[in-house]
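The residues of the chain are indexed from 1 along the displayed sequence.
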Amino acid sequence: MTAKQLGEILADMYHNAPGKEQVTMIHLFGIKYASQIDGAGFTAAEIIEASGINKSYATELSKGKKLAKYVKTII
(Lines give C-alpha, C1' and ligand atoms only; values in the text may rest on other atoms or scores of the structure.)
Protein backbone atom coordinates (compact mmCIF):
# COMPACT_ATOMS: atom_id res chain seq x y z
CA MET A 1 0.00 0.00 0.00
CA THR A 2 1.22 3.49 -0.74
CA ALA A 3 1.28 6.40 1.69
CA LYS A 4 -1.44 8.03 -0.39
CA GLN A 5 -3.71 4.97 -0.13
CA LEU A 6 -3.17 4.74 3.63
CA GLY A 7 -3.80 8.47 3.93
CA GLU A 8 -7.08 8.13 2.07
CA ILE A 9 -8.23 5.33 4.39
CA LEU A 10 -7.27 7.38 7.44
CA ALA A 11 -9.02 10.48 6.11
CA ASP A 12 -12.18 8.45 5.50
CA MET A 13 -12.10 6.97 9.00
CA TYR A 14 -11.44 10.39 10.53
CA HIS A 15 -14.12 12.28 8.63
CA ASN A 16 -16.75 9.56 9.09
CA ALA A 17 -16.08 8.96 12.78
CA PRO A 18 -19.19 8.77 14.94
CA GLY A 19 -19.80 11.63 17.36
CA LYS A 20 -16.61 13.09 18.72
CA GLU A 21 -14.50 9.99 18.14
CA GLN A 22 -12.10 11.26 15.48
CA VAL A 23 -9.03 10.66 17.66
CA THR A 24 -10.29 7.18 18.49
CA MET A 25 -10.47 6.47 14.76
CA ILE A 26 -6.85 7.61 14.36
CA HIS A 27 -5.82 5.18 17.11
CA LEU A 28 -7.88 2.42 15.50
CA PHE A 29 -6.29 3.11 12.11
CA GLY A 30 -2.84 2.89 13.73
CA ILE A 31 -3.70 -0.45 15.30
CA LYS A 32 -5.22 -1.87 12.13
CA TYR A 33 -2.56 -0.70 9.66
CA ALA A 34 0.60 -0.74 11.83
CA SER A 35 2.20 -3.61 9.94
CA GLN A 36 1.58 -1.98 6.54
CA ILE A 37 2.89 1.38 7.75
CA ASP A 38 6.00 -0.08 9.35
CA GLY A 39 6.54 -2.66 6.60
CA ALA A 40 6.67 0.06 3.96
CA GLY A 41 8.88 2.25 6.14
CA PHE A 42 6.41 5.13 6.39
CA THR A 43 6.42 7.48 9.35
CA ALA A 44 3.28 8.56 11.14
CA ALA A 45 3.92 12.10 9.89
CA GLU A 46 3.96 10.91 6.26
CA ILE A 47 0.62 9.12 6.64
CA ILE A 48 -0.95 12.09 8.42
CA GLU A 49 0.29 14.41 5.67
CA ALA A 50 -1.15 12.10 3.00
CA SER A 51 -4.49 12.12 4.83
CA GLY A 52 -4.75 15.89 4.89
CA ILE A 53 -5.69 16.05 8.56
CA ASN A 54 -3.90 18.25 11.10
CA LYS A 55 -0.19 17.43 11.45
CA SER A 56 -0.49 17.36 15.23
CA TYR A 57 -2.32 14.03 14.95
CA ALA A 58 0.91 12.22 14.05
CA THR A 59 1.39 11.60 17.78
CA GLU A 60 -2.03 9.96 17.99
CA LEU A 61 -1.23 7.72 15.03
CA SER A 62 2.03 6.70 16.70
CA LYS A 63 0.08 5.76 19.83
CA GLY A 64 -2.22 3.55 17.78
CA LYS A 65 0.74 1.84 16.12
CA LYS A 66 2.28 1.12 19.52
CA LEU A 67 -0.99 -0.37 20.75
CA ALA A 68 -1.08 -2.77 17.78
CA LYS A 69 1.21 -5.30 19.43
CA TYR A 70 -1.24 -5.63 22.33
CA VAL A 71 -4.38 -6.06 20.22
CA LYS A 72 -5.10 -9.55 18.93
CA THR A 73 -8.31 -9.04 16.95
CA ILE A 74 -9.79 -6.03 15.27
CA ILE A 75 -13.07 -5.59 13.47
Side-chain angles (χ1 to χ4, degrees):
M1 230 181 247
T2 66
K4 181 180 180 201
Q5 290 170 316
L6 288 166
E8 288 171 356
I9 295 167
L10 175 56
D12 182 61
M13 290 177 70
Y14 178 84
H15 293 297
N16 293 303
K20 296 185 179 197
E21 297 189 12
Q22 290 88 359
V23 174
T24 302
M25 290 298 111
I26 295 170
H27 294 155
L28 185 60
F29 173 85
I31 292 166
K32 188 171 181 178
Y33 293 97
S35 62
Q36 289 93 329
I37 295 167
D38 291 338
F42 299 127
T43 66
E46 288 172 319
I47 302 303
I48 292 294
E49 183 176 335
S51 74
I53 63 176
N54 193 304
K55 291 190 274 184
S56 65
Y57 286 125
T59 300
E60 301 304 327
L61 178 52
S62 293
K63 290 176 187 177
K65 286 177 35 186
K66 287 180 184 178
L67 285 168
K69 64 183 170 186
Y70 300 104
V71 176
K72 293 186 186 245
T73 305
I74 189 163
I75 296 174

Euclidean distance, [Y] [atom2] relative to [X] [atom1], rounded to 0.5 Å:
X: Ile26; Y: Asn54; atom1: CD1; atom2: CG; answer: 9.0 Å
X: Leu6; Y: Ser51; atom1: CG; atom2: OG; answer: 10.5 Å
X: Glu60; Y: Leu28; atom1: CD; atom2: CG; answer: 13.5 Å
X: Ile31; Y: Lys69; atom1: CD1; atom2: NZ; answer: 12.5 Å
X: Glu8; Y: Thr2; atom1: CD; atom2: OG1; answer: 7.0 Å

So do the side chains of [X] and [Y] get within less than 4.5 Å of each other, counting heavy atoms only?
X: Val23; Y: His27; result: yes
X: Tyr33; Y: Leu10; result: no
X: Ile9; Y: Lys32; result: no

* Could you tell me which residues satisfy salt bridge (Lys or Arg N to Asp or Glu O under 4.0 Å) with Asp38, sequence neighbours excluded, listed by chain and number? =>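 Here the qualifying residues are Lys65.
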Please report the closest heavy-atom contact between [X] and [Y], naming both atoms and the distance.
X: Ala3; Y: Ala50; result: O-CB, 3.3 Å
X: Met25; Y: Ala17; result: CG-CB, 3.4 Å
X: Gly30; Y: Ala68; result: O-CB, 4.4 Å

* Within 6.0 angstrom of Gln5 CD, more than 12 heavy atoms from elsewhere ->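 Check passes, neighbour count above 12.
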* Asked: Taking only residues at least two apart or on different chains, which pairs with a member in residues 6-25 satisfy ring pair (Phe, Tyr, Trp, His ring centres under 6.0 Å)?
  ->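 Sorted result for residues 6-25: Tyr14-Tyr57.
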